[in-house]
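Here is the structure we will look at.
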Amino acid sequence: MDTSGLGIAGWGAAGRLMADAVTRASRFRLAGVADVDPAAREHAGSETGCRTYEEVASLAAAEDVDVVYIATPTFTHGPAIREVAAHGKHVISEKPLATTLAEAQKALEAAERAGVNVLVGATHSYNAPVRVLRRIVEDARLGPLLSVCTTCHTDWHRRPRSASDLDAAQGNGLVLRQGAHQIDILRYLCGGLTKSVAGTTFGGSDGTELGFTAQLAFPGGVHASAYYSGTGGFDSRVQTWGVGELGTFDVAPTPTLSRHFVLPGQRSVSPVFGTLVATFAAGGAWVTPSGVLVFAGGEVTEIGVEGEPSGWDALLDETADALDGHQTVHTGRWGMATLEVGLALHESARTGLRVDLHHQIGTALLRTQA
């Protein structure tokens, strides 16, 4: 099979993680890196051996580039998507897709006119245990889905942050950058068609928030909730056997905690983003780093995920599907719908009102669309 050349725009943490995933992918090869920072270009060139570019346009124009992964600041996503599409190349955009729905719409219309694919990721809805839980929803082995709850505690606000990092108008802050993971997971599990959202932020607003809560309503009375705190002081990885969003054992058990660090099932682990629990008419399910624990009929069984891709590896698999003409979930329109929920959460926090949504699409697996 011929390989497709993938270029990376933005040589930061996400760009490096994508470059690592490309080295593991049989379908793709790393074809170039663009960054406006000369030092970043120098590092990218020495670390990858690839050609580097100052501008996204130059990367997109390269003959050996077929797909461009955009991992630049959020306010540049829309213009970058339009630039890449103008060169007839496919796009993977980091979340959030854009700073506003209007900017997202403009970018997606440009891609649609050019006939190129846009995917948005990698969010933690790409994690293998989340896909297993989605299959449990689909096959209805536990009856109809009733609710899903995700919680996450990190020290996001204790890490160095610039003013732009805390500005929702630039697509930043906890709700849009971190909450996008939880919103994407909840939409993926509940079918995608979020009807409305109500939420609050605490410790700040419009990007400076220290945390948030959100309640999402879906068709059929399915309810989903998300809680995120970035204040530090408690770490969700204590609840997930020391495993965090990179799929590594990040927290070593202390003598006091050691009895809680017996991971069920095999030791091959997937990334997790806090805790995730779903309830059904006939049971429940709890996501772990090694799979999903299923509670039904007084018994607990595990569905493992050893060997299944997560994160950027799963994103590249879905990108390959898109290039081959197959229907995919995490399209540009899907990313726009997730952005709409995040923006509506901010609106709800400001007004105290539940906000109805109008740009939602369903999962491709369900073949539904708003």
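Below, each value reflects all heavy atoms present in this structure, side chains not excepted, and no hydrogens, waters or symmetry copies.
Here the CG-OH distance, from L316 to Y126, works out to 9.0 Å after rounding to the nearest 0.5 Å. Atom OG of S58 sits about 8.5 Å away from atom CD of E83, to the nearest 0.5 Å. Atom CD1 of residue I303 and atom OG1 of residue T301 lie 6.0 Å apart, to the nearest 0.5 angstrom. Note that the OG1 atom of T288 and the CG atom of L276 stand 11.0 Å from one another [nearest 0.5 Å]. One distance of note links CD of Q178 with SG of C152; it measures 7.0 Å at 0.5 Å rounding. Considering CD of E347 and CG of D206, their distance stands at 11.0 Å, rounded to 0.5 Å.
What you find for F280 and L133 is that their closest heavy atoms are CZ-CD1, 4.2 Å. Nearest heavy-atom pair across D64 and R29 is O-NH1, 3.2 Å. The nearest pair of heavy atoms linking P96 to G171 is CG-O, 3.5 Å. The shortest heavy-atom contact between H87 and A60 is CB-O, 3.7 Å. Taking each heavy atom of S147 and T279 in turn, the nearest pair found is OG-OG1, 2.5 Å. Contact detail for A322 and N117: the closest heavy-atom pair is O-ND2, 3.5 Å.
Between the side chains of H77 and E94, no donor-acceptor pair is found at a separation under 3.5 Å. Defined by atom type and a distance below 3.5 Å, a donor-acceptor pair is present between the side-chain atoms of S162 and D165. Between the side chains of T99 and Q170, no donor-acceptor pair is found at a separation under 3.5 Å. Side chains of Q239 and T275: a donor-acceptor N/O pair is absent below 3.5 angstrom, by distance only.
Although no hydrogens or angles enter the test, the distance criterion places a donor-acceptor pair under 3.5 Å between the side chain of N172 and the main chain of S164. A distance-only check finds no donor-acceptor pair linking the side chain of D356 to the backbone of S196 [under 3.5 Å]. In this structure, S348 contributes its side chain and L353 its backbone to a donor-acceptor pair below 3.5 Å. A donor-acceptor pair is defined here as one N or O able to donate and one able to accept, closer than 3.5 Å; no such pair exists between the side chain of K95 and the backbone of V120. Panel note: side chain K89, backbone L59; no donor-acceptor pair is recorded below 3.5 Å. With hydrogens and angles disregarded, a donor-acceptor distance shorter than 3.5 Å links the side chain of R158 to the backbone of T231. The backbone N or O of G204 sits nowhere less than 3.5 Å from a side-chain atom of T208 that would complete a donor-acceptor pair. Judged by distance alone, the side chain of T338 and the main-chain N or O of G335 form no donor-acceptor pair under 3.5 Å. For N127 (side chain) and P271 (main-chain N/O), a donor-acceptor pair under 3.5 Å exists by modelled atom type. Checked by atom type and distance alone, the side chain of D324 never pairs as donor or acceptor with a backbone atom of H326 at under 3.5 Å.
Two rings, from Y228 and H181, have their centers 6.0 Å or more apart.
The closest side-chain heavy-atom distance from M336 to L101 is below 4.5 Å. Side chains of R27 and S4 form a contact here, defined as non-hydrogen atoms less than 4.5 Å apart. At least one side-chain heavy atom of V292 sits less than 4.5 Å from a side-chain heavy atom of V294. The side-chain heavy atoms of I361 and R187, taken from C-beta on, include a pair separated by under 4.5 Å. Two residues are said to be in side-chain contact when any heavy atoms from C-beta on lie closer than 4.5 Å; L119 and T331 fail this criterion. H330 has its side chain within reach of D184: a pair of non-hydrogen atoms, C-beta onward, lies under 4.5 Å apart. Annotation: side chain of I92 is not in contact with side chain of V68 (no heavy-atom distance under 4.5 Å). At a threshold of 4.5 Å between non-hydrogen side-chain atoms, the residues L343 and E340 do not count as touching.
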Task: Chi angles and distances behind the side chain to side chain contact (heavy atoms under 4.5 Å, CB included) call for K195, Q360 - done: CA-CA 8 Å; K195 295 171 60 179; Q360 298 296 292; over 6 Å; no
Open item on the list: What verdict does the salt bridge (charged side-chain N to carboxylate O under 4.0 Å, His left out) test give for R237 and E245, after you've listed the backbone C-alpha separation in whole Å, the side-chain angles of each residue and the deciding distance to 0.1 Å?
Closed with: CA-CA 9 Å; R237 290 173 294 185; E245 58 179 316; over 6 Å; no
Task: Residues R82, E103; criterion salt bridge (charged side-chain N to carboxylate O under 4.0 Å, His left out); working and verdict - done: CA-CA 10 Å; R82 297 197 301 271; E103 180 64 27; 2.6 Å; yes
Open item on the list: Run the side chain to side chain contact (heavy atoms under 4.5 Å, CB included) test on T52 and D35 for me, step by step, so that the C-alpha distance in whole Å, both residues' side-chain angles and the decisive distance to 0.1 Å come before the verdict.
Closed with: CA-CA 8 Å; T52 61; D35 201 294; over 6 Å; no
- [ ] Determine, step by step, whether V33 and Y53 satisfy the side chain to side chain contact (heavy atoms under 4.5 Å, CB included) criterion, reporting the C-alpha distance in whole Å, the side-chain angles of both residues, the deciding distance to 0.1 Å, and the verdict.
- [x] CA-CA 6 Å; V33 176; Y53 304 84; over 6 Å; no
Open item on the list: I'd like to know whether L176 forms a side chain to side chain contact (heavy atoms under 4.5 Å, CB included) with T74, so could you lay out the CA-CA distance, the side-chain angles of the two residues, the decisive distance to 0.1 Å, and finally the verdict.
Closed with: CA-CA 10 Å; L176 296 180; T74 305; over 6 Å; no
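The cationic group of R41 does not satisfy the cation-pi geometry with W11, failing either the under 6.0 Å distance to the six-membered ring centre or the 45° limit from the ring axis. Cation-pi contact between R161 and W156: present, with separation from the ring centre below 6.0 Å and deviation from the ring axis of at most 45°.
Under the 4.0 Å criterion applied to side-chain N and carboxylate O atoms, E138 and R131 are not assigned as salt-bridge partners. Ionic pairing of E308 and R135 is present here: one or more N-O contacts between side-chain nitrogen and carboxylate oxygen are shorter than 4.0 angstrom. Salt bridge annotation for R24-D313: present, with a cationic side-chain nitrogen under 4.0 angstrom from a carboxylate oxygen.
When the side chains of ILVMFWY residues are joined at heavy-atom separations under 4.5 Å, either directly or via intervening members, L315 and L6 end up in a single hydrophobic cluster. Using a 4.5 Å cut-off between side-chain heavy atoms of Ile, Leu, Val, Met, Phe, Trp and Tyr, with links allowed through other members, L186 and V272 fall into the same hydrophobic cluster. The hydrophobic clustering, which links ILVMFWY residues whose side-chain heavy atoms are closer than 4.5 Å, places V341 and V130 together. Follow the hydrophobic side-chain contacts under 4.5 Å out from F28 and you never reach V65; the two are in separate clusters. In the hydrophobic clustering of this structure, V91 groups with L339; members are Ile, Leu, Val, Met, Phe, Trp, Tyr whose side-chain heavy atoms approach within less than 4.5 Å, directly or through other members.
For E109, the CD atom sits in a packed shell: over 12 heavy atoms of surrounding residues, nucleotides or ligands are nearer than 6.0 Å. Crowding of R51 atom CZ: a count of heavy atoms from other residues, nucleotides or ligands under 6.0 Å not exceeding 12.
Evaluation of the side chain to side chain contact (heavy atoms under 4.5 Å, CB included) rule for V175 yields T201, E209, F212, L345, H346 as partners, not counting sequence neighbours.
Note: Y227 and H153 have tilted aromatic rings, judged against thresholds of 30 and 60 degrees for the angle between ring planes.
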